[in-house]
Amino acid sequence: MPHRTSRRTLLTATAAATAAAATGVLAAPTAASAHSADGFTDHRLRRIIAGMSLEEKVGQLFVMRVYGHSATEPDQADIDANLKEIGVRTAAELISTYHVGGIIYFTWAHNTRDPHQIADLSNGLQRAALAERHRVPLLVSTDQEHGIVCRVGEPATLLPGAMALGAGGSRSDTRRAAWIAGAELAALGINQNYAPDADVNVNPANPVIGVRSFGSDPDAVAGLVAAQVKGYQGAGIAATAKHFPGHGDTNTDSHTGLPVINHTRAQWEELDAPPFRAAIRARIDSIMTAHIVVPALDPSEDPATLSRPILTGILREELGYDGVVVTDSLGMEGVRTKYGDDRVPVLALLAGVDQLLNPPNLSVAWNAVLEAVRSGEISEARIDESILRILRLKNGLGLFRDPFVSHRGVERTVGSRAHRAAADRIAERTTTLLADPGTLLPLSRRTHRKLLVVGADPASPSGTTGPPTGTLAHAFGELGFTARALSTGTAPDQAKIAEAVAAAEGKDAVVVATYNVTANSSQRTLVTALVATGVPVITVAVRNPYDVAHLTGTGVAASLAAYSWTDVELRAAARVIAGRADPEGTLPVPVQRADDPTQVLYPVGHGLTY
């Protein structure tokens, strides 16, 4: 595992590298990032492990949620939540009680209010960890995929998500986006990101992956996954390819059920394996498991998270991966369907997992692993093997030398002008023009100045952006149009549709933000009613690009795909519609016909230009 610079050394170099990232040139690794001269040797790491009590060893295996904006002084509501769910008052008490090796940040747990607060929380967590007997720093992680999964919001830089980057098709842009994201996470004290998503989305009905995937072509996805691994890890944080062995072809959300992937072994090799192989070749620091059943890989039909044939037999032995393996959240229904919460962590470790992420009941899980070691079901040598991988990762990230971050680093790095400008340019190259039969676009202010923006306003992934209709209207206003926003939601009723039709009177064009339109969706009824007014209608799919299939035949004047409803992608879509940027994105997934899914309406690579 490669060594990396400490947080402080990284942030000292960030200003120069930021400018390079904005222009598309990534600085070569510094000597400090390429080789950590004062890093711990394996011998020293093994000595640390040998000095740990069994309780301390078991704790290192867990990555746990905790409520609160502060490690020691959370709000009373967060203290109450911690007491109810974990039995401790604060993050510091969690660390001292269970000796956990990692903490995961969530927006809903109030961990990510603003950049300086996040940095203070990270420092507080590290101080609590270093107060422990063996002074082992923490891995602080989060899900910052960007696009529709984003825990740290503005004023941090928000970037296009995976499928948008897949539409852009640029490995350089994809690497640059990951580098910017990684540099900002590092400045906040977050040193492990659960990204990139390495799933190949070959199922348009996939309810949990979709635009979180780079696309449907395994080779294209593999190239972009490798680019993001290099970007994140080049910025000094650990990347995590997920969800092994591949979650791209499912109709079931593993948060609420146990998906079954019926690929043959040959299909898995062709469709699912290439991005993970590419990640391993790029020296990925960690790989996350999937709570899915793949009978062709393990006939026992255990979820992959608990499958030794999959995690040890395939991932470790066949693919040759010796980095950290982390479970997806153990609170998800997919991993809890077959076994109880006391057995899941034990079976995961026996399967080959190193890190146990976010169990629903930490006391049950922690004590179950402890008892499994004491009884001999899991050998202590097996536990030591995982802890060594975890400590190697912490050592490679420079955390033993300096796990702390500074407010100066936050100010210099997070949401910098150069990062935001780069995000805007990258987003412009992802917007995809799917249809423009009457060559309405780009809109001219001379002939189509007065706009109405209606449609879906899904909640902000980070809680800091949107609403989409307002963002689009504001963006058009800045481009010299007059635009009114009217939220009609994802399921507009007849009253809301009538309100939109009335608001369209006197307008020169209507822009509709669509969100997962189906054949019977009232969003389609809204679009049809607006087209009937005679005002040109432009649709922008703000999540899956498949919406256009259900809008074909309605008389829509033009259709675009933005792949997310975050501000950076919506602003880019507005600039494309207004002709301030050319549509350069092409579909990274095929769009099938709504009336005959066996037929392709728009193939991979489709995208119109001006």
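Fair warning: this is a prediction, and the values are worked out from it, not measured in the lab.
Contact check on Asp493 versus Lys496 returns no salt bridge, with no Lys/Arg side-chain nitrogen under 4.0 Å from an Asp/Glu carboxylate oxygen. Here Arg212 does not pair with Asp143 in a salt bridge; the nearest charged N to carboxylate O distance is not below 4.0 Å. Salt bridge status for Asp341 with Arg336: present, with a side-chain N to carboxylate O gap under 4.0 Å. Using a 4.0 Å cut-off between charged nitrogen and carboxylate oxygen, Asp354 and Arg316 count as a salt-bridge pair. Remark: Glu318 engages Arg265 in a salt bridge, criterion side-chain N to carboxylate O under 4.0 Å. Under the 4.0 Å criterion applied to side-chain N and carboxylate O atoms, Glu269 and Arg277 are assigned as salt-bridge partners.
The distance from the NE2 atom of His474 to the OG1 atom of Thr469 is 13.5 Å, given to the nearest 0.5 Å. Atom CD1 of Ile292 and atom CD1 of Ile261 lie 4.5 Å apart (nearest 0.5 Å). Separation of atoms CG (Leu347) and CG (Leu306) is listed at 5.5 Å; rounding is to 0.5 Å. Atoms CZ and OG1, from Arg543 and Thr514 in turn, are 12.5 Å apart once rounded to the nearest 0.5 Å. Here the CD-OG distance, from Gln355 to Ser141, works out to 7.5 Å after rounding to the nearest 0.5 Å. Atom OH of residue Tyr194 and atom CD1 of residue Ile287 lie 13.5 Å apart, to the nearest 0.5 angstrom.
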> ring pair (Phe, Tyr, Trp, His ring centres under 6.0 Å) between Tyr232 and Trp179: does it pass, once the steps are laid out?
Replying inline: CA-CA 5 Å; Tyr232 283 126; Trp179 189 94; over 10 Å; no

>> Go through it in stages, so that I can follow the logic: the residues are Thr518 and His550, the test is side chain to side chain donor-acceptor pair (under 3.5 Å), and I'd like the CA-CA distance, side-chain angles, deciding distance and then a yes or no.
In response: CA-CA 6 Å; Thr518 61; His550 296 285; over 6 Å; no

>> As a quick check of understanding, evaluate side chain to side chain donor-acceptor pair (under 3.5 Å) for Asp197 and Ser213, giving each step before the final call.
In response: CA-CA 6 Å; Asp197 192 304; Ser213 163; 5.3 Å; no

>> Apply side chain to side chain donor-acceptor pair (under 3.5 Å) to residues Asp249 and Asn206 and explain how you reach the verdict.
In response: CA-CA 7 Å; Asp249 189 9; Asn206 195 323; over 6 Å; no

> Do Tyr563 and Thr431 pass the side chain to side chain donor-acceptor pair (under 3.5 Å) test, and can you show the C-alpha distance, the side-chain angles, and the key distance before you say yes or no?
Replying inline: CA-CA 8 Å; Tyr563 307 100; Thr431 305; over 6 Å; no

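Between the side chains of Asp78 and His110, a donor-acceptor pair is found at a separation under 3.5 Å. For the residue pair Thr471 / Asp567, a side-chain donor-acceptor distance below 3.5 Å is found, with atom types taken as modelled.
With sequence neighbours excluded, the residues forming a side-chain contact (heavy atoms from CB on, under 4.5 Å) with Ser300 are Asp298, Asp302, listed by chain and number. Listed by chain and residue number, Arg65, Tyr67 satisfy the side-chain contact (heavy atoms from CB on, under 4.5 Å) test with Glu85 (two or more places apart in sequence, or in another chain).
Under the 30°/60° scheme for interplanar angles, the aromatic rings of His606 and Tyr602 are found to lie parallel.
Shown are Asp328, Thr327, Thr289; of these, the side chain to side chain donor-acceptor pair (under 3.5 Å) with Thr305 is made only by Thr289.
Scanning all heavy atoms of the two residues, the minimum distance from Pro437 to Ala557 falls at CD-O, 3.2 Å. The two atoms that bring Ala423 and Pro160 nearest to each other are O-CD, 4.3 Å, heavy atoms only. Between His263 and Trp268, the shortest heavy-atom contact is CB-N, 4.2 Å. A pairwise comparison of heavy atoms in Pro345 and Val369 identifies CB-CG2, 3.9 Å as the closest pair. Among all heavy-atom pairs drawn from Leu526 and Ala500, the shortest one is CD1-CB, 3.8 Å. Residues Thr107 and Ser462 come closest through the heavy atom pair CG2-O, 3.8 Å.
Panel note: side chain Gln144, backbone Asn193; no donor-acceptor pair is recorded below 3.5 Å. In terms of modelled atom types and a separation under 3.5 Å, the side chain of Asp199 and the main chain of Asn201 share no donor-acceptor contact. Judged by distance alone, with hydrogens and angles left aside, the side-chain atoms of Asn111 form a donor-acceptor pair with the main-chain N or O of Gly68 at under 3.5 Å. Checking side-chain atoms of Thr430 against main-chain N and O of Ala167 turns up no donor-acceptor pair under 3.5 Å. Judged by distance alone, the side chain of Ser460 and the main-chain N or O of Thr464 form a donor-acceptor pair under 3.5 Å. Judged purely by atom type and a 3.5 angstrom limit, Ser286 uses its side chain to pair as donor or acceptor with the backbone of Ala239. Within the 3.5 Å criterion, the main-chain N or O of Ala368 finds no donor-acceptor partner in the side chain of Asp342. Looking at Gln523, its side chain does come within 3.5 Å of a backbone N or O of Tyr515 through a donor-acceptor pair. Judged by distance alone, the side chain of Thr174 and the main-chain N or O of Leu224 form no donor-acceptor pair under 3.5 Å. A distance-only check finds a donor-acceptor pair linking the side chain of Thr488 to the backbone of Gly455 [under 3.5 Å].
Within a 6.0 Å sphere centred on CG of Asp596, heavy atoms belonging to other residues, nucleotides or ligands number more than 12.
With a 4.5 Å cut-off on side-chain heavy atoms, Val591 and Val548 count as touching. At a threshold of 4.5 Å between non-hydrogen side-chain atoms, the residues Val335 and Leu330 count as touching.
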